[in-house]
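Here the structure is laid out as structure tokens; the discussion comes afterwards.
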Amino acid sequence: MPEFFDVGDVGFGEDGDLSYRVYEPDRLVLGKRMEDQLRIAVCYWHSFNWPGSDVFGMGTFDRPWLEPTATDPMAAARQKMDAAFEFFSKLGVPFFCFHDVDIAPAGATFSDSARNLDDMVTYAEKKMAETGKRVLWGTANLFSHPRYAAGAATNPDPDVFAYAAAQVKHALEATHRLGGANYVLWGGREGYETLLNTDLRREAQQLARFLHLVAEHKHKIGFEGTLLIEPKPAEPTKHQYDYDCQSVHGFLERFDLVDEYRVNIEANHATLAGHSFHHEVAYSVSNGIFGSIDANRGDYQNGWDTDQFPNSVDELCLVLYEILRGGGFTTGGFNFDTKLRRQSLDRNDLFHGHVGGIDTLARALLVAAELVERETIAVPLNRRYAGWENGVGAGILSGAETLDSLEARVMAGEIDPRPVSGRQELLENRVNRVIWSSR
Ligand code: XLS
Ligand code: CA
Ligand code: CA
């Protein structure tokens, strides 16, 4: 079989650009192998389907597997899959993620498309058996085709809902066949452009109905992976319903779905929602809905989704700290939903982007583990809230205190709080010292 990448396997601890400096799959971090702590995945769409085009110009990338699509779409899909698995293997990470349309070409009818997907799943099974690579998550693309311009589940036309349901059923079953650890729903066009043509009440009910149908089917077919919703506040629609982790959480609670879904948090979507990535992960860990991560970053001067490779240990160590604090990943992991810059033309630039991003995550993991072990954050935090463990704090939480009883205590001078320093600068210094010294 011809090789698509003229480099060997990425090395470990060697000189040269194509070697990991920090990532060591077998190194134990808090009792678990680094590979099992990070559970890294490569995404199919940006890495193998995207030719480097943008709204102002055509593709710029050297991607031979994208060229012959006009002649035999299924042969082209197999060639693309060969390139993808060669890349996964040389990079040395355990997982990949895909949309239905990433791996299989659309046919003239739904049943043709479904057959193409089934055939490509068979081909993927073979490649997975040969290489040992696994599926972190699968998903259906419910946003590119014109039929979904006004949304999928939230479309005003029930026939579009039905078509989307058929597509998700098929993609969920494909993910199940491949032993996927999760299934993701990103509501790319579940939102609106203008309220002049949008019924918010109906669209919320449609979306909830859709999510119930997906959860019911998951149980029916015995899929044991986790269902994940991926929040994003806007883009492509002006306003998206799955705005951020907190609004998704509220929606799940409101429609009795909270036991069925968790969140797939994307770093760049967090910042587009006006939050830090740290905030979104901390919120979901604290509220029991944390699932998985799309690891990329935005550009702080741009207001759109640039999906760049992660490169800040300072930011990521706090994210990893929250994940470790919550017990680490269960079915989730770090998916590289990342795009090269359009000027990064060479095939091998895919390696540089991933190697740097993976080393950044590995370094952030080591820092986070030290923050856990040294209790750098936990000890002062617990001390700050210690008053709630007994006395009046415990009484308030247990319901023993009322407004009457509290007023009486304050009136009697028994309670007279003094302001206490939050010590933000001190805490920032302590975290920085761990970042600077960690090995
Ligand atoms: C787009 C999303 C998308 C989802 C999968 O912004 O990140 O790629 O992760 O449909
Ligand atoms: Ca994503
Ligand atoms: Ca994105």
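Whatever order the structure lists them in is the order used to number ligands and atoms, beginning at 1.
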Practice task
Examine R134 relative to F95 and say whether NZ or CZ is less than 6.0 Å from the centre of the six-membered ring and inside a 45° cone about the ring axis.
Solution key: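 Flagged: R134 positioned over aromatic ring of F95.
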
Problem - Cation-pi geometry met for R262 and F290 (6.0 Å, 45°) - result: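 Relative to the ring axis of F290, which defines the angle, R262 lies outside at least one limit.
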
Below a 4.0 angstrom heavy-atom separation, can you tell me which part of [X], side chain or backbone, both or neither, approaches ligand 1?
X	answer
D337	side chain
K232	side chain
N264	neither
N141	neither

Looking at [X] and [Y], would you say the former's side chain and the latter's main chain have a donor-acceptor pair under 3.5 Å?
X	Y	value
K232	Y243	no
Y241	P233	no
S247	D244	yes
D72	M74	yes

Completion exercise
Counting from 1 in the order shown, the ligand 1 atoms closer than 4.0 Å to a non-hydrogen atom of D305 are 6 (O)

Exercise for the section: May I ask you to list the atoms of ligand 1 that are less than 4.0 angstrom from any heavy atom of F143? Expected result: 10 (O)

Donor-acceptor contacts, no H, no angles, side chain residues 327-335, under 3.5 Å, sequence neighbours left out:
residue, atom, partner, partner atom, Å
T331, OG1, N182, OD1, 2.7
T331, OG1, T226, OG1, 2.7
N335, ND2, D294, OD1, 2.9

Problem - Q343 CD: over 12 foreign heavy atoms closer than 6.0 Å - result: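 For Q343, atom CD is not crowded (no more than 12 foreign heavy atoms under 6.0 Å).
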
Starting from [atom], what is the nearest protein heavy atom, named by residue and atom, and what distance separates them?
atom	value
atom 5 (C) of ligand 1	H99 NE2, 3.3 Å
atom 3 (C) of ligand 1	W186 CE3, 3.7 Å
atom 2 (C) of ligand 1	E230 OE2, 3.4 Å

Problem - H269 heavy atom under 4.0 Å from ligand 1 - result: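 Per 4.0 Å heavy-atom rule, H269 contacts ligand 1.
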
Practice task
Looking at D305, pick out the N, O or S atom nearest to the Ca ion (ligand 3) and give its name.
Solution key: OD2

Problem - Centroid separation H275 to Y283 less than 6.0 Å - result: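 No.
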
Problem - Separation of T360 OG1 from L365 CG (nearest 0.5 Å) - result: 12.5 Å

Problem - Polar atom proximity, D294 to ligand 1 (N or O, under 3.5 Å) - result: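 Yes, there is a polar N/O contact under 3.5 Å.
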
Handout entry: Stepwise side-chain hydrogen bond (donor to acceptor under 3.5 Å, both in side chains) test for Q205 and R201
Key = CA-CA 7 Å; Q205 281 163 353; R201 188 190 60 84; 3.2 Å; yes

Practice task
Pull up every protein N/O/S atom sitting under 3.0 Å from the Ca ion (ligand 2), skipping waters.
Solution key: E230 OE2, E266 OE1, D294 OD2, D337 OD2

